[in-house]
Student: 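Pasting a structure here, questions to come.
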Amino acid sequence: MPKGMASVPTFSLMLQFLFLILCSFNQLSLAFTSQEYHEALGKSILFFEGQRSGKLPSNQQLTWRGDSGLSDGSSYHVDLVGGYYDAGDNVKFGLPMAFTTTLLAWSVIEFGSSMQDQIENARAAIRWGTDYLLKAATTTPDTLYVQVGDPNMDHKCWERPEDMDTPRNVYKVSAQNPGSDVAAETAAALAASSIAFKDSDPSYSSKLLQAAIKVFNFADRYRGSYSDSLNSAVCPFYCSYSGYHDELLWGASWIYRASGIRSYIQYVQSNGADDDGYTFSWDDKRPGTKILLSKEFLEKNSEEFQLYKAHADKYICSLMSGTPGFQAQYTRGGLLYKGSESNLQYVTSTTFLLLTYAKYLNANGGVVSCGSSTVKGQSLITLAKTQVDYILGNNPTKMSYMVGFGERYPKHIHHRGSSLPSIHAQSQHISCNDGFQYLRSGSPNPNVLVGAVVGGPDSNDNFSDDRNNYQQSEPATYINAPFVGALAYFSAKPSSY
């Protein structure tokens, strides 16, 4: 018998076997309740407390952390205390911090009404970012402070943030050394946050919007990439691989959304927002900009915004299996897969865009056009739910990739503060090199970084719970930020299929 051709009985048995596998998998699959999504929502926000730099407030819930970076900026005669450490190290990188803040704010804008008792915690997480970004953006004219900490020196140490004795160098962009990408992302963060605070704190909201306009004008007037200006201080850590054009359009779009000032949408139109991007991340804002601008077309049927709806559709079609334009990769377990390093950042950002676009479509009777076929908003929600549920534990390993959620979750995450003894448990200074014994230890992290979503499994759905495997085991603020919005959505609509 030729290879590849089974007899009919054998083929029938194979079908029955596959059916049994599918049935058993479905029986093992998890269905999360509204309460569980809400629990995950609270934990996803709580995570940000573990990333705080500066003087911690009296209502700090992750009590194993202590004050840190209290003299940041002082040697440069500027106050840069506060903000967030980006991931498992002790550096304050401006580009991912600003993007994190933008996505936290967008989560509140779109899904804040579903956050219930977590809305104030979500706003507090945003404000911890914006208070810092305001200082960074408004302290010195035509200057934006974009980083505190020498990443090359920091990464040679394994230290608690409370013990830091590595150089706290301050890096800035200016007229002479421009950084349109990080400046325009900062403008986006401030503008989006101004919407998030519009009702609860109008005066703060106004302050944020005015700062956003100023820093955007700075970004546009002095054009250039911060990677070129700062070189090894930001590369290869957070190089602006996509350039600065996408951030300028993103920043202008957010200021338009926040202010309604027509000149900002005219700026977007005249600077060409018609190139497609298929990855939404701290580096590339193109898909997010298209989704954001498509709202105007769907709500007002305004012809000038139709182009952005078409580009948003193209992005969505790339994710939808069976449609023309489909190009995404999924693991056998159903997880969107973009890359081996911190893949879940792309999953959470994509999931957020799916739900936000579905919201815009469903509110206005819209559909996604994929060539000759159409996709309804409900299909976007269904896809988003598979991704959220996978992260929470409905996956081949039956492991939650959110620390502290579910029965099984990563215990050896690549995170200095979590893996070293708490400053409250061991007050004696642990030096740069002495800390590496905790990096190499096989013991679980002593401090649980509740709510942290790690980098996640590989292309075969395998996960190594290994502190040294930072590609899979390191959490980051920009993984969690869009997940906050997604969890808020499903906490209100748990059975959205």
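All of these numbers come straight from a predicted model, not from anything done at the bench. Sequential numbering from 1 along the given sequence is applied to the chain's residues.
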Student: Between Tyr390 and Tyr401, how do the two ring planes meet: parallel, tilted or perpendicular, split at 30° and 60°?
Tutor: parallel
Student: Could you tell me whether a side-chain N or O of Lys92 sits under 3.5 Å from a main-chain N or O of Gly69, the two making a donor and an acceptor?
Tutor: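 A pair under 3.5 Å: no.
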Student: Where is the tightest heavy-atom contact between Ser418 and Leu449, given as atom of each residue plus distance?
Tutor: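 Looking at all heavy atoms of both residues, the shortest contact is OG-N, 4.2 Å.
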Student: Determine the minimum heavy-atom distance between Leu103 and Pro482, stating which atoms define it.
Tutor: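 The answer is CD1-CB, 3.9 Å.
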Student: Around atom CG of Asp199, are there more than 12 heavy atoms of other residues, nucleotides or ligands at under 6.0 Å?
Tutor: no
Student: Between atom OG of Ser75 and atom CG of Asn169, what is the distance when rounded to the nearest 0.5 Å?
Tutor: 7.5 Å
Student: Do His155 and Asp89 have side-chain atoms, one donor and one acceptor, less than 3.5 Å apart?
Tutor: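 Asp89 and His155 do have a side-chain donor-acceptor pair below 3.5 Å.
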Student: Going from CG on Leu439 to OH on Tyr470, what distance comes out if it is rounded to the nearest 0.5 angstrom?
Tutor: 12.5 Å
Student: Is it true that, when you exclude Lys214 itself, more than 12 heavy atoms of the residues, nucleotides or ligands shown sit nearer than 6.0 Å to its NZ?
Tutor: no
Student: Output the distance between atom NE2 (His77) and atom OG1 (Thr140), rounded to the nearest 0.5 Å.
Tutor: 11.5 Å
Student: Would the distance check show the side chain of Lys295 and the main-chain N or O of Tyr360 forming a donor-acceptor pair, the cut-off being under 3.5 Å?
Tutor: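 Side chain of Lys295 to backbone of Tyr360, a donor-acceptor pair under 3.5 Å: no, none is there.
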Student: At their closest point, which heavy atom of Ile109 faces which heavy atom of Ala196, and how far apart are they?
Tutor: CG1-N, 4.2 Å
Student: Go through Thr477 and Met97 one step at a time and tell me if the side chain to side chain contact (heavy atoms under 4.5 Å, CB included) criterion holds.
Tutor: CA-CA 8 Å; Thr477 58; Met97 195 196 304; over 6 Å; no
Student: Parallel, tilted or perpendicular: which one describes the rings of Tyr264 and Phe216, with boundaries at 30° and 60°?
Tutor: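 Ring orientation of Tyr264 relative to Phe216: perpendicular.
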Student: Of all the heavy-atom pairs spanning Tyr346 and Glu341, show the shortest one and how long it is.
Tutor: CE1-O, 4.3 Å
Student: What heavy-atom pair brings Ile413 and Arg467 nearest, and what distance separates the two atoms?
Tutor: O-CG, 3.3 Å
Student: If a pair satisfies disulfide (SG to SG under 2.5 Å) and one of its residues is in residues 194-266, list it, with sequence neighbours excluded.
Tutor: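 The answer is Cys235-Cys239.
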Student: Output, in order, the C-alpha distance, side-chain angles, deciding distance and verdict of side chain to side chain contact (heavy atoms under 4.5 Å, CB included) for Ile291 and Phe280.
Tutor: CA-CA 11 Å; Ile291 300 286; Phe280 183 48; over 6 Å; no
Student: Would a distance-only check, ignoring hydrogens and angles, find a side-chain to backbone donor-acceptor pair under 3.5 Å from Gln471 to Ser340?
Tutor: no
Student: From Ser491 OG over to Gln35 CD, what is the distance, rounded to the nearest 0.5 angstrom?
Tutor: 10.0 Å
Student: Nearest 0.5 angstrom please: Glu159 CD to Met164 CE, how far?
Tutor: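 Spacing of CD (Glu159) from CE (Met164) equals 8.5 Å.
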Student: Name the orientation class of the two ring planes belonging to Phe237 and Phe93 (parallel below 30°, tilted from 30 to 60°, perpendicular beyond 60°).
Tutor: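 Rings of Phe237 and Phe93: tilted, as their planes differ by 30° to 60°.
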Student: Go through the steps for His38 and Asp117 under the test side chain to side chain donor-acceptor pair (under 3.5 Å), then give the verdict.
Tutor: CA-CA 10 Å; His38 189 72; Asp117 61 341; 2.6 Å; yes
Student: List the steps, then state whether side chain to side chain donor-acceptor pair (under 3.5 Å) holds for Ser419 with Trp158.
Tutor: CA-CA 9 Å; Ser419 66; Trp158 196 261; 2.9 Å; yes
Student: Are the side chain of His414 and the backbone N or O of Gly88 linked by a donor-acceptor pair below 3.5 Å?
Tutor: no
Student: Assess the pair Phe48 and Trp128: is the distance between their ring centroids shorter than 6.0 Å?
Tutor: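 Phe48 vs Trp128: aromatic centres not under 6.0 Å.
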Student: Taking everything shown except Lys359 itself, do over 12 heavy atoms lie less than 6.0 Å from its NZ?
Tutor: yes
Student: Do Tyr85 and Ser68 have side-chain atoms, one donor and one acceptor, less than 3.5 Å apart?
Tutor: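 Result is yes, a qualifying pair exists.
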Student: Are Asn480 and Pro475 packed together at the side-chain level, in the sense that at least one heavy-atom pair is separated by less than 4.5 angstrom?
Tutor: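 Counting from C-beta outward, Asn480 and Pro475 never come under 4.5 Å.
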Student: Take Phe483 and Met402, measure what side chain to side chain contact (heavy atoms under 4.5 Å, CB included) needs, and give me the verdict at the end.
Tutor: CA-CA 11 Å; Phe483 204 45; Met402 174 184 280; 3.8 Å; yes
Student: Any salt bridge between Asp246 and Arg286, counting N to O under 4.0 Å?
Tutor: no
Student: Taking the side chain from Ser227 and the backbone from Val234, do they hold a donor-acceptor pair closer than 3.5 Å?
Tutor: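 Side chain of Ser227 to backbone of Val234, a donor-acceptor pair under 3.5 Å: no, none is there.
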Student: Assess whether ring-ring contact (aromatic ring centres under 6.0 Å, His included) is satisfied between Tyr76 and Tyr171, documenting all intermediate values.
Tutor: CA-CA 10 Å; Tyr76 296 77; Tyr171 302 89; 8.3 Å; no
Student: For Lys338, I'd like to know if atom NZ has over 12 heavy atoms of other residues, nucleotides or ligands within 6.0 Å.
Tutor: yes
Student: For Ser422 and Trp64, indicate whether the former's side chain and the latter's backbone hold a donor-acceptor pair under 3.5 Å.
Tutor: yes
Student: After noting the C-alpha distance and the side-chain angles of Arg123 and Asp201, does the key distance pass the salt bridge (Lys or Arg N to Asp or Glu O under 4.0 Å) rule?
Tutor: CA-CA 10 Å; Arg123 288 199 190 103; Asp201 193 340; over 6 Å; no
Student: Report yes or no: does Asp465 contribute a side-chain atom to a donor-acceptor pair with the main-chain N or O of Lys411 at less than 3.5 Å?
Tutor: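 Checking the backbone N and O of Lys411 against the side chain of Asp465, a donor-acceptor pair under 3.5 Å is found.
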Student: Under 6.0 Å between the ring centres of Tyr145 and Tyr132?
Tutor: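 Distance test on ring centres: not under 6.0 Å, no.
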Student: In Å and rounded to the nearest 0.5 Å, what is the CD to OG distance from Gln210 to Ser205?
Tutor: 9.5 Å
Student: Show, in sequence, the C-alpha distance, side-chain angles and deciding distance for Tyr37 and Asp389, and conclude whether the side chain to side chain donor-acceptor pair (under 3.5 Å) test is met.
Tutor: CA-CA 9 Å; Tyr37 286 122; Asp389 289 358; 2.5 Å; yes
Student: Output yes when a side-chain donor or acceptor of Ser180 lies under 3.5 Å from a complementary backbone atom of Gly224, and no otherwise.
Tutor: yes
Student: Applying side chain to side chain contact (heavy atoms under 4.5 Å, CB included), run through Phe111 and Thr356 and close with a yes or a no.
Tutor: CA-CA 9 Å; Phe111 306 112; Thr356 299; 3.7 Å; yes
Student: Aromatic ring centroids of Tyr204 and Phe197 under 6.0 Å?
Tutor: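 Yes, the ring centres sit under 6.0 Å apart.
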Student: Do the non-hydrogen side-chain atoms of Gln387 and Thr350 ever get within less than 4.5 Å of each other?
Tutor: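 No; the side chains remain at least 4.5 Å from each other.
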Student: Answer yes when Lys290 and Asp276 have at least one side-chain N-carboxylate O distance shorter than 4.0 Å, and no when they do not.
Tutor: no
Student: Test your reading of the model: is there a side-chain donor-acceptor pair from Ser400 to the backbone of Phe405, 3.5 Å cut-off?
Tutor: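 Here the side-chain-to-backbone pair exists.
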Student: Any sub-3.5 Å donor-acceptor pair from Lys43's side-chain atoms to Val403's backbone N or O?
Tutor: no
Student: Check Arg257 with Glu110, please: is the shortest side-chain N to carboxylate O separation under 4.0 Å?
Tutor: yes
Student: Looking at Ala358 and Ile381, what are the two nearest heavy atoms and their distance?
Tutor: CB-CG1, 3.7 Å
Student: Step through it carefully: locate the ring centre of Phe32, locate the ring centre of Phe490, and say whether they are under 6.0 Å apart.
Tutor: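 Distance test on ring centres: not under 6.0 Å, no.
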Student: Carefully, step by step, assess Ser225 and Asp181 under the rule side chain to side chain donor-acceptor pair (under 3.5 Å).
Tutor: CA-CA 6 Å; Ser225 171; Asp181 27 35; 3.0 Å; yes
Student: Checking side chain to side chain contact (heavy atoms under 4.5 Å, CB included) between Ser44 and each of Ile479, Val484, Val453, Thr348, which is the one that passes?
Tutor: Val484
